[in-house]
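Here's the structure, in structure tokens; my notes come after.
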Amino acid sequence: MISTQAWADAGRLWDFQQLGHELRPCSVAIGLGSHDLGVADTTADLYHRGMAPLIVFTGATSRTTRERMPRGEAEHYRDRAVELGVPVSAIIVEPKARNTGENIRFSRSLLEDQHVPVSSVLLVSKPYEERRAYATARKLWPDVEWVSASTPMTLSEYVDAIQDARLVIDMLVGAQQRLMVYPRQGFMIEQKIPDEVAAAFERLCSEGFTSRLVPEETEGPECRSTPLRPLPT
């Protein structure tokens, strides 16, 4: 049973992840691989709306996608986009990245190798990871403009789609912790964390939503009393 307070706190983290960027045409769209094929759907929709002439789908496999996407997240994303009418010629597959940092670095390298001029990127992620993905991209590729996008939906709608409320809240808590920890480790730019968001994060940790946390390399107050398990970004 998930408490009313936990749902409220999860909603606060969900809202904080939403950046609300105004969509505009960009040089390329990068769809970040994951268990969520909705990212491919949204990227395909943005392509059809003229928001990017070229798509990079990036991602290998993880423990959550190994069985569902045995050929790799990027490959399955490409197949889905082609089903939705995106030409194969408009898609580049980056099949090796295993975390968000590699998604950005490997996609950039691939585009440079193919001499694709890039001044702006439409970054498509899961709804609960917009801010995290944006902060990582800004750190690793600072000389382009980034526009964040995700499937427009509420937390309740996303939980209904995934059919695993605890997993979604665990993921939200993990994304939030990375926003607090990773800037100190040089993995992403600093984000101002409102007090009410930090408090919501702490309460969710205390209620046990900790399966997606990563070890902290430096001292800090965030869930220090909670056992952490190393997981990829």
Side-chain angles (χ1 to χ4, degrees), residues 19 21 23-66 68-127 129-151 175 178 182 185-189 231-233:
L19 291 172
H21 286 177
L23 299 181
R24 62 176 182 81
C26 293
S27 306
V28 63
I30 296 179
L32 301 181
S34 72
H35 65 275
D36 185 354
L37 271 177
V39 175
D41 292 359
T42 297
T43 308
D45 177 63
L46 293 170
Y47 171 85
H48 289 306
R49 290 164 59 186
M51 294 296 170
L54 181 67
I55 294 170
V56 178
F57 286 129
T58 167
T61 58
S62 70
R63 62 176 186 166
T64 57
T65 61
R66 196 171 295 116
R68 293 181 56 208
M69 302 179 184
R71 291 182 292 107
E73 296 154 5
E75 295 281 358
H76 286 267
Y77 274 27
R78 175 180 59 186
D79 293 349
R80 177 63 173 170
V82 170
E83 288 177 7
L84 295 172
V86 177
V88 173
S89 60
I91 302 172
I92 298 173
V93 169
E94 187 294 296
K96 297 181 180 179
R98 297 187 180 275
N99 57 58
T100 309
E102 289 184 353
N103 288 143
I104 303 304
R105 292 198 305 272
F106 293 175
S107 295
R108 178 181 184 176
S109 178
L110 196 57
L111 289 164
E112 290 175 347
D113 287 347
Q114 297 194 21
H115 306 289
V116 177
V118 178
S119 61
S120 57
V121 179
L122 188 60
L123 185 64
V124 189
S125 66
K126 299 184 293 293
E129 289 194 337
E130 267 198 37
R131 186 179 294 274
R132 171 192 164 191
Y134 173 79
T136 303
R138 284 280 311 278
K139 177 70 176 183
L140 297 177
W141 197 353
D143 53 344
V144 301
E145 295 183 43
W146 292 92
V147 178
S148 290
S150 64
T151 306
R178 286 162 175 78
Y182 279 1
Q185 299 176 12
F187 298 152
M188 61 175 63
I189 64 169
L231 291 169
T233 60

Partners meeting ring-ring contact (aromatic ring centres under 6.0 Å, His included) with F106 (sequence neighbours left out):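 Expected list: none.
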
Separation between [atom1] of [X] and [atom2] of [Y], rounded to the nearest 0.5 Å:
{"X": "Y134", "Y": "H21", "atom1": "OH", "atom2": "NE2", "result": "5.0 Å"}
{"X": "E102", "Y": "L140", "atom1": "CD", "atom2": "CG", "result": "10.5 Å"}
{"X": "S107", "Y": "L123", "atom1": "OG", "atom2": "CG", "result": "9.0 Å"}
{"X": "Y182", "Y": "T136", "atom1": "OH", "atom2": "OG1", "result": "8.5 Å"}
{"X": "I30", "Y": "R108", "atom1": "CD1", "atom2": "CZ", "result": "10.5 Å"}

Could you list the donor-acceptor pairs under 3.5 angstrom formed between side-chain atoms of residues 48-60 and any protein atom two or more places apart in sequence or on another chain?
unit_1 : atom_1 : unit_2 : atom_2 : d
H48    : NE2    : L84    : O      : 2.8
R49    : NH1    : D45    : OD2    : 3.3
T58    : OG1    : E94    : OE1    : 2.5
T58    : OG1    : N103   : ND2    : 2.9

Closest approach of [X] and [Y], non-hydrogen atoms and distance?
{"X": "T43", "Y": "G31", "result": "OG1-CA, 4.1 Å"}
{"X": "T61", "Y": "G72", "result": "CG2-CA, 3.6 Å"}
{"X": "S150", "Y": "S125", "result": "CB-O, 3.2 Å"}
{"X": "V93", "Y": "A74", "result": "CG1-CB, 3.7 Å"}
{"X": "E129", "Y": "A175", "result": "CG-CB, 4.2 Å"}

Of all pairs that satisfy salt bridge (charged side-chain N to carboxylate O under 4.0 Å, His left out), the ones with a partner from residues 53-62, not counting sequence neighbours: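 Qualifying pairs: none.
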
Sequence neighbours left out, what passes side-chain hydrogen bond (donor to acceptor under 3.5 Å, both in side chains) with [X]? Give chain and number order.
{"X": "S34", "result": "Y77"}
{"X": "T42", "result": "T151"}
{"X": "R105", "result": "none"}

Any residue meeting side-chain contact (heavy atoms from CB on, under 4.5 Å) with [X], in chain and number order, not counting sequence neighbours:
{"X": "A135", "result": "L179, M188, I189, Q191"}
{"X": "H35", "result": "T64, T65, R68, K126, Y128, Y158, I162, M171"}
{"X": "S120", "result": "R24, C26, S27, E145"}
{"X": "V144", "result": "V118, V121, W141, W146"}

Audit row: L37, M69, side-chain contact (heavy atoms from CB on, under 4.5 Å) steps and yes/no: CA-CA 10 Å; L37 271 177; M69 302 179 184; 4.0 Å; yes

Residues forming a salt bridge (charged side-chain N to carboxylate O under 4.0 Å, His left out) with R80, sequence neighbours excluded: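 By the salt bridge (charged side-chain N to carboxylate O under 4.0 Å, His left out) rule, R80 matches D41, E83.
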
Side-chain heavy atoms of R71 within contact of H76, under 4.5 Å: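 They are in contact (side-chain heavy atoms under 4.5 Å apart), so the answer is yes.
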
